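Since the structure comes first, as structure tokens, the remarks are kept for the end.
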Amino acid sequence: MTEIRYDPREIEPRWRRAWEEMGLFRTDLGGAERPCYALVMLPYPSGDRLHVGHWYHYGPADSWARFMRMRERDVFEPIGFDAFGLPAENYAIRTGIHPKDSTDRNVANMIEQLRTMGAMWDWAHTANTSDPSFYRWTQWIFLELYRAGLAYRKAAPVWWCPTDQTVLANEQVVEANVCERCGTPVEKRDLTQWFFRITDYAEELLSSLDDLEWPERTKTLQRNWIGRSEGVEIEWPVEGTDLAIRTFTTRPDTIYGVTFLVLAPEHSLVERITTDERLKAVLDYRDRARRLSEIERTSTEAEKTGEPTGACAIHPLTGERIPIWVADFVLLTYGTGAVQGVPAHDERDYDFAAALDLPVRWVIEAEPEDQASKQGLPGQAYTGHGTVVDSGRYTGMRSEDMLPRVVAHLESAASGEARVHYRLRDWLVSRQRYWGAPIPIIHCEECGEVPIPDEDLPVELPYDVDFSLGAGKSPLERSESFMQVECPSCRGAARRDPDTMDTFVDSSWYFLRYLSPHDEERPWDRALAEKWCPVYQYSGGIEHSVLHLLYARFMVKALRDLGHLGLDEPFRRLVHQGTITNQGAKMSKSRDNVITPDSYIAEYGADAFRAYLMFGFAWREGGDWKDEGIRAIAGWLQRVWRLVQLHRRLWSEGAALAQGDPDSDATRALILARHRAVRGATEDLEAWQFNTAIARIMELVNACYQHSQLDPALRDSTPRDSTPRDPVSETVLREAIETVVCLLAPIAPHLAEELWAMIGRKPPVVDAPWPEYDPDVLATEEVTVVIQVNGKVRDEMRVARDLPEKEIEALALTHGRIPTLIDGKAVRKVVVVPNRLVNLVV
RNA sequence: GCGAGAGUGGUGGAACUGGUAGACACGCAAGCCUUAGGAGCUUGUGGCUCACGCCGUGGGGGUUCGAAUCCCCCCUCUCGCACCA
């Protein structure tokens with residue numbers, strides 16, 4: 001017998017062409033009845049071949065979407081390109097190839113490659129963020145936010161990357177203050193920049209997180225990033241002046257333990273309160289602190305330093321004089337830029353007091369169990385709760401009980417105010433780089449900031465620009481033809497804003513544009529947006545947890561409040577894929593360890609490659625690349641192919657199917673196997689658990705082989721085992737094999753399509769209904785019950801389903817070798833888990 | 001330092017609300033079939049033991065008739081945050 005194999009190189013392109021000709025993946029957005037927006041985080045168009053990561057993300061995401069389509073959802077599955085950004089610009093600086101040219105070429109290449117995956121992407125609904133037809137609306141959004149006061153310009157100390165020569169958002173500064181992009185340590189600079197007022201939404205961004213079907217991990221990351229803390233702002237009058245220092249604390253119950261106040265060195269009151277004799281030392285200290293890199297300054301290892309200002313504040317409750325210090329461990333950017341020093345009950349304050357020999361005053365007694373551990377011992381602050389001591393009227397109270405009372409006390413004395421602070425800062429959106437959407441603002445000497453009128457949008461990025469890096473200025477600033485403009489308001493000479501927008505602005509709304517990418521009248525079709533959003537299922541890397549995902553949430557809420565969108569959240573459900581590593585290391589060009597899928601796809605086909613990535617890993621976890629895995633799954637696809645090939649007779653015209661014995665063990669087993677596989681695959685695909693879904697299909701394939709009675713001549717070789725099998729009903733067998741093809745359709749779309757046609761069905765298989773399973777069939781009449789003696793498995797028995805506990809117990813006591821094991825001992829206790837096990841305790 | 005997640009055969013990985021640990025594969029072994037085979041088929045495969053059996057989910061305790069799963073302590077790894085007051 002000649003070998004029976006299929007050739008993916010022939011099948012796959014053929015079906016992709018057929019799908020395209022059928023217009024299979026063009027979504028009727030308006031007419032859809034059960035919308036299911038299946039969105040993937042859009043790729044950055046790099047010049048490389050698609051890498052394993054693309055396949056690992058997009059292949060399974062498409063499989064999930066196909067599964068949903070077979071479950072009769074109207075699936076919209078688009079993809080686009082996050083095409084602005086630094087890599088293209090840096091590449092241009094290196095090679096002289098213009099970012100637009102390289103990006104356009106990369107996008108075209110990438111589309112060609114993406115097509116080989118056989119995904120259902122609707123290419124009529126795509127977007128390229130660097131296209132003027134797209135960024136025109138990015139600019140429009142900027143102006144909408146500007147008009148609403150949600151975009152504003154201010155001078156502030158901001159992060160600056162010396163390599164990329166641009167400012168960065170807080171969110172783009174990672175790990176000990178290095179640039180997310182290039183790994184260079186960043187520095188703080190005082191610059192005037194554009195911000196989006198995301199902090200206005202801190203509370204809602206936090207609270208509406210609860211209802212999202214997102215991984216807990218991701219929600220936690222966002223919660224931590226937003227960093228809400230509830231506390232009180234306390235006013236400390238400065239002795240001999242009419243000034244007051246405001247501190248923020250979450251622990252007002254320790255207020256009687258305050259022995260000093262500390263201002264950030266840059267605090268605006270520093271110069272005004274410092275006594276003449278201390279002024280020079282304090283200003284020197286401030287200058288030193290400024291020169292320190294942020295890394296040195298915020299290192300927890302560093303020895304605490306500070307200078308006394310010579311001034312004192314008045315304790316609002318005791319009237320005591322409290323010395324005021326400056327110290328660099330207090331950050332101007334958090335809270336009020338000033339803290340009350342409670343060395344006994346705050347570790348940082350303790351270290352500060354220890355380093356500068358300041359008094360420590362204990363006002364909370366450590367709990368006994370805390371004393372036993374490391375806290376509360378001399379040489380340590382006690383940060384827990386306990387009984388309050390030496391605290392006026394609160395003495396003897398529990399510190400938790402004191403807390404709300406002292407807040408009320410301070411408020412009634414007009415010395416304090418309950419406040420909530422957030423760690424979240426406003427989103428810095430301007431960049432001093434060329435390859436981005438220009439900020440649509442004109443600066444006019446007469447009129448100040450003037451927004452570009454809507455009808456003049458887009459502000460097109462000029463092509464002919466010297467985009468080399470220079471002195472921290474935007475390359476656009478060197479283009480006089482771009483910069484010089486007439487003020488739309490006074491018609492006088494004015495200049496454009498030379499900066500471009502953070503590319504995260506582009507990606508914070510792209511999913512709305514997919515719905516009507518060619519609309520020239522408006523950024524999105526509101527009716528469609530509200531019909532299809534929030535996105536039913538979003539997938540992408542966890543690294544975007546506090547960048548893209550937070551920004552997009554902010555954007556949707558802001559646009560809602562501006563009346564442009566009736567939506568609260570962009571993404572209802574979210575999943576993150578894991579990472580594929582190579583010998584334990586992240587794949588990257590610089591490590592030269594990137595695995596390119598091309599050769600595998602050439603040999604085994606896209607289906608096998610996709611299936612391998614789904615079967616060989618727990619998708620959310622990722623793992624290490626293994627060559628052998630793909631051969632295994634390719635072999636299995638051949639096995640499925642052979643299964644259908646070998647049984648083609650079952651579908652031939654007028655075939656007389658052997659009824660076999662409809663009640664034979666084989667027939668019953670096959671029916672059961674089919675329902676089990678459908679249930680398993682359905683539940684697992686729903687949960688993005690592709691590896692177990694495929695395992696369930698494999699079991700069904702194995703059952704089909706096991707129970708079918710192949711003509712030995714049809715096999716490649718005759719099995720030695722020639723024991724006659726139970727006759728199986730061929731109707732049941734046919735149904736089982738058809739089910740295999742359907743279940744395979746999301747996993748290996750090209751092959752399943754071919755098999756679907758082979759068994760005489762009309763393509764496309766993706767429009768076939770997903771197989772159903774019958775729970776009643778799965779509730780077989782017999783179950784295996786395990787018999788344990790003292791918790792150890794000793795035997796098992798087949799009994800009728802839902803047998804009463806008493807009967808199970810009676811059966812177990814006499815079953816097989818159980819009586820011997822019990823050996824006449826009294827059974828002290830019997831635990832019966834219905835349909836599962838019985839445990840005899842002797 | 002704080003927070004979150006993870007640790008299961010030689011390997012990738014399964015295991016619902018505590019209920020037969022190791023599904024499904026890879027690999028390996030034996031056999032079959034083949035001119036040939038990185039093809040196909042059958043069987044076996046956690047460890048120790050001739051066997052009865054015992055031991056096994058990072059380590060140590062605990063709860064329970066019963067623990068990979070729950071609780072406590074510890075170790076290791078990954079990822080966030082990192083003087084956030």
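Order of the sequence lines fixes the chain letters, A, B, ..., with proteins taken first and strands second; residue numbering starts at 1 for each chain. What you see is a predicted model, and the numbers here were worked out from it, not measured in a lab.
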**Asked** Picking from A:L646, A:V644, A:T739, A:L643, what satisfies side chain to side chain contact (heavy atoms under 4.5 Å, CB included) with A:C704?
**Response** A:L643
**Request:** Look at all strands and tell whether A:Y422 reaches a base, only sugar-phosphate, or nothing, counting heavy atoms closer than 4.0 Å.
**Result:** nothing
**Message:** Should the side chain of A:K304 and the base of B:C83 be counted as holding a donor-acceptor pair, with the cut-off at 3.5 Å?
**Reply:** yes
**Request:** Using only heavy-atom distances, decide whether a donor-acceptor pair under 3.5 angstrom links the side-chain of A:R5 to the base of B:A39.
**Result:** no
**Message:** Both A:K792 and A:D684 contact RNA chain B. Taking the nearest nucleotide for each, which residue is further toward the 5' end?
**Reply:** A:D684
**Asked** Taking only N and O in the side chain of A:N691, is any of them less than 4.0 Å away from OP1 or OP2 of B:A14?
**Response** yes
**Message:** Does B:A85 have its OP1 or OP2 closer than 4.0 Å to a side-chain nitrogen or oxygen of A:T336?
**Reply:** no
**Request:** Compare the minimum distances between each of B:A85, B:G38, B:A14 and the side chain of A:T692, then state the nucleotide with the smallest one.
**Result:** B:A14
**Message:** For nucleotides 63-70 of chain B, give me one character per nucleotide, 5' to 3': B if any protein heavy atom sits under 4.0 Å from the base, S if the only such contacts are to the sugar-phosphate, - if neither.
**Reply:** --BS----
**Pairwise P distance, B:G56 and B:G62 [rounded to whole Å]** = 14 Å
**Request:** Output yes when at least one side-chain N/O atom of A:R423 is less than 4.0 Å from OP1 or OP2 of B:A82, else no.
**Result:** yes
**Separation between the P atoms of B:C71 and B:A25, rounded to whole Å** = 34 Å
**Message:** Quick check: any donor-acceptor pair below 3.5 Å linking the side-chain of A:R817 to the base of B:C52?
**Reply:** no
**Non-neighbouring partners of A:D346 that pass side-chain contact (heavy atoms from CB on, under 4.5 Å), sequence neighbours left out** = A:R348, A:D349
**Request:** Determine, step by step, whether A:L205 and A:Q222 satisfy the side chain to side chain contact (heavy atoms under 4.5 Å, CB included) criterion, reporting the C-alpha distance in whole Å, the side-chain angles of both residues, the deciding distance to 0.1 Å, and the verdict.
**Result:** CA-CA 9 Å; A:L205 286 169; A:Q222 288 213 356; 5.8 Å; no
**Closest nucleotide among B:G12, B:A23, B:A85 to the A:K626 side chain** = B:G12
**Message:** Check this one for me: any side-chain N or O of A:R419 less than 4.0 Å away from OP1 or OP2 of B:C84?
**Reply:** no
**Prompt:** Just by distance, with hydrogens left out, do A:S63 and A:R610 show a side-chain donor and acceptor under 3.5 Å apart?
**Reply:** yes
**Asked** Between A:N702 and B:A25, does any side-chain N or O lie under 4.0 Å from OP1 or OP2?
**Response** yes
**Item:** Closest to the A:W225 side chain, choosing from B:A4, B:C81, B:U20
**Value:** B:C81
**Prompt:** Considering only side-chain heavy atoms of A:R639, which listed nucleotide, B:C41, B:C81, B:G38, is closest?
**Reply:** B:C41
